[in-house]
Number of protein chains: 2
Amino acid sequence: MESRRDVFQAIADPTRRAIIMLLAVSAMTPNGLAEHFNSSRQAVSKHLQILTECEVVKPESRGREIVYHLNNHKMQEIEKWLEQFKQLMAKRFDQLDNVLNKLQNLKK
Amino acid sequence: MESRRDVFQAIADPTRRAIIMLLAVSAMTPNGLAEHFNSSRQAVSKHLQILTECEVVKPESRGREIVYHLNNHKMQEIEKWLEQFKQLMAKRFDQLDNVLNKLQNLKK
DNA sequence: TCCATATGCAACTATTTGATTGCAAATATA
DNA sequence: TATATTTGCAATCAAATAGTTGCATATGGA
């Protein structure tokens with residue numbers, strides 16, 4: 001539980017994805033989050049620790065409570081990667097279009 | 001190596017992300033892919049197996065070679081999830097805007 | 001037919017993961 | 001001050017992961 005801490009690892013786990021969605025709606029405490037899950041408070045806390053390590057989430061102390069906020073900026077890394085991927089796909093279809101166009105021209 | 005086979009698990013590994021990017025450019029054989037990595041052919045083959053299981057990739061037999069194609073449709077599941085997330089975030093900012101507007105109104 | 005090539009499958013291993021339980025520290029409240 | 005609440009941290013465990021090596025299978029070419 002030490003390595004490869006990045007956003008993609010963060011969203012690999014369904015519980016963490018759920019946590020991210022909940023925090024997207026509003027910042028919450030570990031206890032508040034844990035109420036939404038079947039697993040123990042500590043399990044949720046561990047997920048929060050992982051999410052904190054890869055900076056998807058940021059803890060803010062408020063008295064004895066700790067409110068966890070989502071770091072939208074980090075989430076954008078996924079979007080960025082997806083965008084790169086989509087560009088490659090688009091380029092590929094362009095090439096396919098070229099091939100199809102050439103075939104079309106041969107028909108003429 | 002049996003469980004939780006979904007797109008998010010697929011893109012959690014950096015080698016698999018690289019494979020996806022390569023296949024986004026053009027369909028390739030396992031050997032062709034393996035040339036781009038330091039790890040063994042079998043390691044790449046295992047990743048392809050995982051990617052096949054979660055339908056991110058589709059094998060097509062061509063004689064003794066097997067050409068792997070990307071399944072763009074499956075990749076869109078990530079986009080879809082990200083879209084849901086962004087909507088929640090947007091809604092949250094709307095609420096924040098509302099609060100700010102109310103404060104603004106109090107000042108008047 | 002014989003051999004090289006391309007690939008998948010099985011067995012094994014070290015490391016990581018996700019979860020649990022128990023405990024300690026810090027803060028609020030009576 | 002004494003007590004309850006909120007949280008993090010450590011130890012432990014079963015399962016999954018990523019990788020390796022070795023072997024079997026199938027196709028194409030000499």
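Convention: sequence-line order gives letters A, B, ...; per-chain numbering from 1.
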Is there a side-chain contact between [X] and the phosphate of [N], meaning an N or O under 4.0 Å from OP1 or OP2?
{"X": "S40(A)", "N": "dT20(C)", "result": "yes"}
{"X": "R5(B)", "N": "dT17(D)", "result": "yes"}
{"X": "Q49(A)", "N": "dT7(D)", "result": "no"}

Salt-bridged, E60(A) to K58(A), with N to O below 4.0 Å? no
Interatomic distance where [atom1] belongs to [X] and [atom2] belongs to [N] [whole Å]:
{"X": "E53(B)", "N": "dT17(D)", "atom1": "CD", "atom2": "C1'", "value": "13 Å"}
{"X": "D13(A)", "N": "dA16(D)", "atom1": "CG", "atom2": "P", "value": "13 Å"}
{"X": "F8(A)", "N": "dA18(D)", "atom1": "CZ", "atom2": "P", "value": "15 Å"}
{"X": "L48(B)", "N": "dT7(C)", "atom1": "CG", "atom2": "P", "value": "10 Å"}
{"X": "E35(B)", "N": "dT7(C)", "atom1": "CD", "atom2": "P", "value": "10 Å"}
{"X": "R16(A)", "N": "dT16(C)", "atom1": "CZ", "atom2": "C1'", "value": "11 Å"}

Could you work out how much the helix from dT1(C)-dA30(D) to dA30(C)-dT1(D) bends, comparing the axis of its first five pairs with that of its last five, to 10°? 20°
[options]: which one has an atom nearest the side-chain heavy atoms of [X]?
{"X": "E65(A)", "options": "dT5(D), dT7(D), dA18(D)", "result": "dT7(D)"}
{"X": "H47(A)", "options": "dT20(D), dA19(C), dG8(D)", "result": "dA19(C)"}
{"X": "Y68(B)", "options": "dA18(D), dG8(C), dG18(C)", "result": "dG8(C)"}
{"X": "R64(A)", "options": "dT27(C), dC9(C), dA18(D)", "result": "dT27(C)"}
{"X": "K46(A)", "options": "dT7(D), dT12(D), dT20(D)", "result": "dT12(D)"}
{"X": "R41(A)", "options": "dT21(C), dT7(D), dT21(D)", "result": "dT7(D)"}

On DNA chain C, check which nucleotide each of G63(A) and S39(A) is closest to and give me the residue with the more 5' one. S39(A)
Going from CG on L48(B) to CD1 on I19(B), what distance comes out if it is rounded to the nearest 0.5 angstrom? 5.0 Å
Find the distance between CD (Q76(B)) and NZ (K86(A)) and round it off to the nearest 0.5 Å. 8.5 Å
State, with a plain yes or no, whether a side-chain heavy atom of [X] is found less than 4.5 Å away from one of [Y].
{"X": "M89(A)", "Y": "L70(B)", "value": "yes"}
{"X": "I11(B)", "Y": "W81(A)", "value": "yes"}
{"X": "Y68(B)", "Y": "M28(B)", "value": "no"}

Which is it for R17(B) and D6(A) under the salt bridge (Lys or Arg N to Asp or Glu O under 4.0 Å) test, yes or no, and what are the steps along the way? CA-CA 13 Å; R17(B) 284 201 298 282; D6(A) 60 27; 3.6 Å; yes
Under 4.0 angstrom, heavy atoms only, what part of the nucleic acid is F37(A) near: base, sugar-phosphate, or nothing? nothing
When we call it a touch if two heavy atoms are under 4.0 Å apart, what does R62(B) touch: a base, just sugar-phosphate, or nothing? nothing
Atom NZ of K74(A) with >12 non-hydrogen neighbours under 6.0 angstrom: yes
Regarding dG22(D), can its base be found pairing with the side chain of Q42(B) as donor and acceptor, where the two atoms are less than 3.5 Å apart? yes
For DNA chain D, the residues among residues 18-31 of chain A that have a non-hydrogen atom under 4.0 Å from it: T29(A), P30(A), N31(A)
Qualifying residue, where the test is side chain to side chain contact (heavy atoms under 4.5 Å, CB included) with V57(A) and the options are I50(A), N71(A), L23(A): L23(A)
Donor-acceptor pair, distance only, cut-off 3.5 Å: does the side chain of R16(A) make one with the backbone of Q9(A)? yes
